[in-house]
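Structure, as structure tokens:
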Amino acid sequence: QVQLVESGGGLVQAGGSLRLSCAASGRTFSTFAMGWFRQAKGKERESVSAISRSGGNTYYADSVKGRFTISRDNAKNTVYLQMNSLKPEDTAVYYCAAAITTPLSMNYLYTSASEYGYWGQGTQVTVSS
């Protein structure tokens with residue numbers, strides 16, 4: 001089992017920045033691949049970014065590429081999502097997720113919600129125009 005707790009959401013003006021954090025407890029954090037998803041009102045949950053177990057590979061949705069950066073600190077059991085140049089369309093609840101991996105999938109990127117077995121409770125990000 002692993003518990004995930006997101007923080008760092010809030011209200012920001014367009015063009016501003018926020019850094020989301022997701023703290024994990026329970027099973028060894030370094031064995032998980034991690035991802036960030038978001039869900040806007042009335043829309044389906046979508047993958048925003050992902051990072052491999054090794055930390056060597058990252059994925060970004062086209063809509064956030066060049067603006068968001070995912071990173072992980074295994075010593076702190078935390079994954080981050082740095083969000084710059086925020087736009088009103090980034091407004092959503094952001095969820096952190098963890099996917100169980102094996103040593104054979106150290107560099108694999110998980111981009112589908114169905115691949116993740118553990119989820120945080122979400123943190124609201126609101127970007128005003």
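Treat the numbers as computed from the prediction; the structure is a model and nothing was measured.
The shortest non-hydrogen separation linking Gly122 to Val93 is CA-CG1, 3.8 Å. Contact between Leu4 and Gln121 at its shortest, heavy atoms only, is O-OE1, 3.6 Å. The heavy-atom pair separating Glu6 from Tyr94 by the smallest distance is OE2-O, 3.9 Å. Closest of all the heavy-atom pairs between Thr111 and Ser47 is O-CB, 3.2 Å. Contact detail for Cys96 and Val79: the closest heavy-atom pair is SG-CG1, 3.9 Å. In this structure, Ala14 and Ser129 approach most closely via the heavy-atom pair CB-CA, 4.3 Å.
Checking side-chain atoms of Arg72 against main-chain N and O of Ser52 turns up a donor-acceptor pair under 3.5 Å. No donor-acceptor distance shorter than 3.5 angstrom exists from the side chain of Thr28 to the backbone of Ser30, with no hydrogens or angles considered. Listed for the Gln82 side chain is no donor-acceptor partner under 3.5 Å among the backbone atoms of Phe68. When atom types are taken as modelled, the side chain of Thr91 and the backbone of Glu89 share no donor-acceptor pair closer than 3.5 angstrom.
Within 6.0 Å of the NZ atom in Lys65, the count of heavy atoms belonging to other residues, nucleotides or ligands exceeds 12.
Hydrophobic clustering of Ile, Leu, Val, Met, Phe, Trp and Tyr side chains at less than 4.5 Å, counting indirect connections, unites Trp36 with Leu86. Hydrophobic clustering, with ILVMFWY side chains joined whenever heavy atoms are under 4.5 angstrom apart, keeps Tyr108 apart from Met34. Under the 4.5 Å side-chain contact rule for hydrophobic residues, Tyr80 and Tyr110 do not share a cluster. Grouping the Ile, Leu, Val, Met, Phe, Trp and Tyr side chains by contacts below 4.5 angstrom, directly or via other members, places Ile100 apart from Trp119.
Checked against Ile70 for a side-chain contact (heavy atoms from CB on, under 4.5 Å), the options Val64, Leu20, Leu81 give a single hit: Leu81.
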- request: Could you please spell out the steps behind the side chain to side chain contact (heavy atoms under 4.5 Å, CB included) verdict for Thr78 and Phe29?
  value: CA-CA 8 Å; Thr78 302; Phe29 176 74; 5.6 Å; no
- prompt: Taking it one step at a time, do Tyr116 and Phe37 satisfy ring pair (Phe, Tyr, Trp, His ring centres under 6.0 Å)?
  reply: CA-CA 11 Å; Tyr116 288 86; Phe37 290 76; 5.3 Å; yes
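Screening residues 98-129 for disulfide bond (SG atoms under 2.5 Å apart), with sequence neighbours left out, gives no hits. Counting only residues at least two apart or in different chains, side chain to side chain donor-acceptor pair (under 3.5 Å) contacts with residues 7-22 comprise Ser17-Asn84.
When the side chain to side chain donor-acceptor pair (under 3.5 Å) test is applied to Arg45, no partner is found at least two apart in sequence or on another chain. For Tyr118, the ring-ring contact (aromatic ring centres under 6.0 Å, His included) partners two or more places apart in sequence, or in a different chain, are Phe32. Residues meeting the ring-ring contact (aromatic ring centres under 6.0 Å, His included) test with Tyr95, sequence neighbours left out: none. Residues that satisfy the salt bridge (Lys or Arg N to Asp or Glu O under 4.0 Å) test with Glu46, not counting sequence neighbours, are Arg38.
Separation of atoms OG (Ser49) and CE (Met83) is listed at 11.0 Å; rounding is to 0.5 Å. Considering OH of Tyr59 and CG of Leu109, their distance stands at 9.5 Å, rounded to 0.5 Å. To the nearest 0.5 Å, atoms OG (Ser25) and CD (Gln1) are separated by 10.0 Å.
With no hydrogens or angles considered, a side-chain donor-acceptor pair links Ser54 and Asn107 at under 3.5 Å. In this model, a donor atom of one side chain and an acceptor atom of the other lie less than 3.5 Å apart for Thr101 and Arg53.
Side-chain contact between Gln124 and Thr126 is present, with heavy atoms from C-beta onward closer than 4.5 Å.
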